[in-house]
Amino acid sequence: MTTIPQAVARRARKIRLVLMDADGVLTDGRIIVFADGNEARSYHARDGLAVRIGQSGGLDFGVISGRRSIAVEARAKELDFEEIHQGVGAKGACIEEIARRRGLELDEICFVGDDIVDVPAFRRCGLAVAPKDADPEVFQHVHHIGTSEGGRGIVREVVDLILHAHGSWDKSTAVYLKE
């Protein structure tokens with residue numbers, strides 16, 4: 001794993017809930033719209049496994065998206081996300097509501113986003129992360145810029161970072177290493 005700055009590792013140690021945008025984080029941001037109006041997105045299997053590993057390590061997950069999508073809801077349910085919020089115009093306020101309802105401090109929440117609509121969420125979280133292909137305007141608002149692109153492993157990178165900071169990576173991955 002890449003060396004993470006101590007300030008980022010300190011923030012990561014506190015994280016209990018990982019929230020993320022859908023398009024540009026769980027996906028590469030491309031949306032395929034069919035003639036009948038249905039949509040398709042692609043998801044990286046490594047990111048799905050990362051969620052499972054994170055859940056083994058005690059993390060909870062959720063999605064906050066400005067759009068509504070049956071595909072996003074299906075993927076979030078498939079991965080047992082605890083929080084699924086779509087059609088959200090005020091992501092920062094949504095995070096505050098989630099924290100209040102779950103009894104979390106804001107510094108126990110990580111948010112992964114890729115565009116300026118995610119900045120209010122970044123400002124409220126203990127750990128704000130953007131994929132390397134995010135809109136450059138968001139970089140000044142995050143604590144960490146990933147080395148992975150959206151839809152191509154950024155969720156895995158974030159989960160790895162948090163679990164290593166927690167010191168629980170080995171325990172969380174042990175089940176996958178058994179013969």
Side-chain angles (χ1 to χ4, degrees), residues 1-29 41-65 69 71-86 91 94-95 98-99 102-114 118 121-122 125-134 142-179:
M1 183 170 157
T2 310
T3 304
I4 300 298
Q6 283 297 334
V8 173
R10 272 193 303 278
R11 288 176 175 279
R13 275 186 214 104
K14 298 178 184 177
I15 301 304
R16 294 174 49 198
L17 175 63
V18 179
L19 299 172
M20 63 197 76
D21 184 21
D23 299 319
V25 175
L26 275 173
T27 76
D28 64 7
R41 291 170 170 81
S42 65
Y43 302 96
H44 201 296
R46 193 174 304 137
D47 287 336
L49 178 59
V51 170
R52 294 297 186 209
I53 292 170
Q55 290 164 335
S56 294
L59 297 175
D60 290 329
F61 291 85
V63 62
I64 302 174
S65 179
S69 166
V72 169
E73 183 172 354
R75 181 65 169 160
K77 286 181 177 180
E78 175 187 12
L79 293 173
D80 299 317
F81 277 22
E82 301 247 340
E83 300 287 343
I84 303 171
H85 303 270
Q86 297 194 81
K91 292 183 182 183
C94 185
I95 286 176
I98 291 168
R102 296 175 66 97
L104 294 172
E105 298 295 326
L106 290 173
D107 67 355
E108 295 176 309
I109 299 173
C110 171
F111 187 80
V112 188
D114 71 311
D118 299 315
F122 292 149
C125 292
L127 179 61
V129 180
K132 77 175 186 179
D133 62 338
V142 299
H143 304 111
H144 181 70
I145 301 167
T147 60
S148 301
E149 295 179 350
R152 289 186 159 76
I154 188 62
V155 177
R156 175 63 177 268
E157 184 177 335
V158 169
V159 169
D160 289 0
L161 183 159
I162 294 168
L163 293 179
H164 279 289
H166 284 191
S168 61
W169 170 256
D170 290 338
K171 182 178 177 185
S172 301
T173 58
V175 68
Y176 299 101
L177 301 174
K178 290 182 182 176
E179 291 284 329

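What you see below is based on every heavy atom in this structure, not just the backbone, and it leaves out hydrogens, waters and symmetry mates. Keep in mind that what you see is a predicted model, and the values were worked out from it rather than measured.
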Between Arg41 and Ser69, a side-chain donor and acceptor under 3.5 Å: yes
Between CD1 on residue Ile64 and CG on residue Asp21, distance to nearest 0.5 Å: 9.0 Å
Shortest non-hydrogen separation from Ile154 to Ala130 and the atoms involved: CD1-O, 4.3 Å
Straight-line distance of Ile53 CD1 to Leu59 CG, nearest 0.5 Å: 11.0 Å
Phe81 side chain reached by Leu19 side chain, heavy atoms, under 4.5 Å: no
For Pro131 against Gly24, the heavy-atom pair lying closest together: CG-O, 3.6 Å
Spatial distance of atom CG (Asp107) from atom CZ (Arg13) [nearest 0.5 Å]: 13.0 Å
Glu78 side-chain N/O to Gly48 backbone N/O, donor-acceptor pair under 3.5 Å: no
Under 3.5 Å donor-acceptor, Asp28 side chain and Gly150 backbone: no
Check: His144 side chain, Pro5 main-chain N or O, donor-acceptor pair, under 3.5 Å: no
Validation row: Arg52, Asp80 side chains within 4.5 angstrom (heavy atoms): yes
Test item: Glu157 side-chain N/O and Ser148 main-chain N/O as donor-acceptor pair under 3.5 Å: yes
Cys125 to Ile95 - nearest heavy-atom pair and separation: SG-CD1, 3.6 Å
Close side-chain approach of Ile162 to Leu127, heavy-atom, < 4.5 Å: yes
Leu49 side chain near Arg156 side chain, heavy-atom distance below 4.5 Å: yes
Main-chain N/O of Phe122 paired to His143 side chain as donor or acceptor, under 3.5 Å: no
Short N-O contact, Glu105 and Lys14, less than 4.0 angstrom: no
Interatomic distance, Ile145 atom CD1 to Asp133 atom CG [nearest 0.5 angstrom]: 11.5 Å
Euclidean distance, Phe111 CZ relative to Lys91 NZ, rounded to 0.5 Å: 4.5 Å
Note, Val63 side chain near Ile84 side chain (heavy atom, < 4.5 Å): yes
Nearest heavy-atom neighbours spanning Ser56 and Tyr176: OG-OH, 4.3 Å
Considering all heavy atoms, the nearest Leu104-Ile109 contact: CD1-CG1, 4.2 Å
Heavy-atom closest pair, residues Ser168 and Gly57: OG-O, 4.5 Å
Thr173 side chain near Leu163 side chain, heavy-atom distance below 4.5 Å: no
Side chain to side chain, Val159 and Val51, heavy atoms closer than 4.5 Å: no
Under 3.5 Å: donor-acceptor pair, side chain of Arg11, backbone of Gly126: yes
Inter-residue atom distance Arg10.CZ - Ile4.CD1, 0.5 Å rounding: 13.0 Å
